[in-house]
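Down below is the structure, laid out as structure tokens.
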Amino acid sequence: MMGLYRSLTGDRQGYGMEIMERDCPENWIEQVFAAKAVTKGGIVRRAVPWVEREIGRERFVLEVEQRGFHLLECAGQFIVICSDAPVRRWL
């Protein structure tokens with residue numbers, strides 16, 4: 001439905017969510033790592049299939065590694081801990 005809405009109205013924002021251009025992986029990466037959670041050392045979560053479709057698993061892993069962050073994968077989600085502090089798994 002949103003695709004039809006956008007094509008009819010030219011709305012590129014889509015209910016307050018910015019549409020990421022697929023033709024430029026750098027834009028996608030910039031938007032993901034510009035999230036407020038990243039700057040505050042929080043968590044960023046993205047669906048694995050979406051990451052693979054947009055920029056590929058290897059590129060995403062490289063981007064996380066270059067920033068010194070931690071990356072987890074669970075239940076089809078990538079969870080990025082936006083800090084270089086040690087991580088301790090309790091359970």
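The first residue in the sequence is number 1, and the count goes up from there.
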Quiz prompt | Side-chain touch F33/R67, heavy atoms, less than 4.5 angstrom | solution = yes
Quiz item: Below 4.5 Å, heavy atoms only, C-beta onward: do R57 and V48 meet side chain to side chain?
Solution: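 Yes, side chains in contact.
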Quiz prompt | Distance, nearest 0.5 Å, that separates CD1 of I55 from CG of L62 | solution =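 One gets 9.0 Å once the value is rounded to the nearest 0.5 Å.
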Practice problem: Please round to the nearest 0.5 Å and tell me the distance separating atom SG of C24 and atom CD of E54. | Solution: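 Answer for the SG-CD pair, C24 versus E54, is 11.5 Å.
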Practice problem: Given side-chain contact (heavy atoms from CB on, under 4.5 Å), test I81 with F69 step by step and report yes or no. | Solution: CA-CA 6 Å; I81 302 170; F69 296 162; 6.0 Å; no
Quiz item: Under 6.0 Å from the CD atom of E26, do we count more than 12 heavy atoms belonging to anything else shown?
Solution: yes
Self-check item: Atom CD of E30 with >12 non-hydrogen neighbours under 6.0 angstrom
Solution: no
Exercise. Would you sort out whether W28 and W50 count as a side-chain contact (heavy atoms from CB on, under 4.5 Å), showing the intermediate values?
Key: CA-CA 11 Å; W28 189 92; W50 187 44; 3.5 Å; yes
Could you report the tightest heavy-atom contact between [X] and [Y], atom names first, then the distance?
X: P25; Y: R59; answer: CB-NH1, 4.1 Å
X: C82; Y: V44; answer: SG-CG2, 3.8 Å
X: V38; Y: V32; answer: CG2-O, 3.8 Å
X: P49; Y: G76; answer: CD-O, 3.9 Å

Quiz prompt | F60 six-ring centre to R46 NZ/CZ under 6.0 Å and within 45° of normal | solution =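 Verdict for F60: no cation-pi partner in R46.
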Quiz item: How far apart are the C-alpha atoms of I79 and L71, what are their side-chain angles, what is the distance that settles it, and do they pass the side-chain contact (heavy atoms from CB on, under 4.5 Å) test?
Solution: CA-CA 6 Å; I79 300 114; L71 178 62; over 6 Å; no
Practice problem: Kindly indicate, with the supporting measurements, whether the criterion side-chain contact (heavy atoms from CB on, under 4.5 Å) is fulfilled by H70 and E65. | Solution: CA-CA 7 Å; H70 302 278; E65 185 177 41; over 6 Å; no
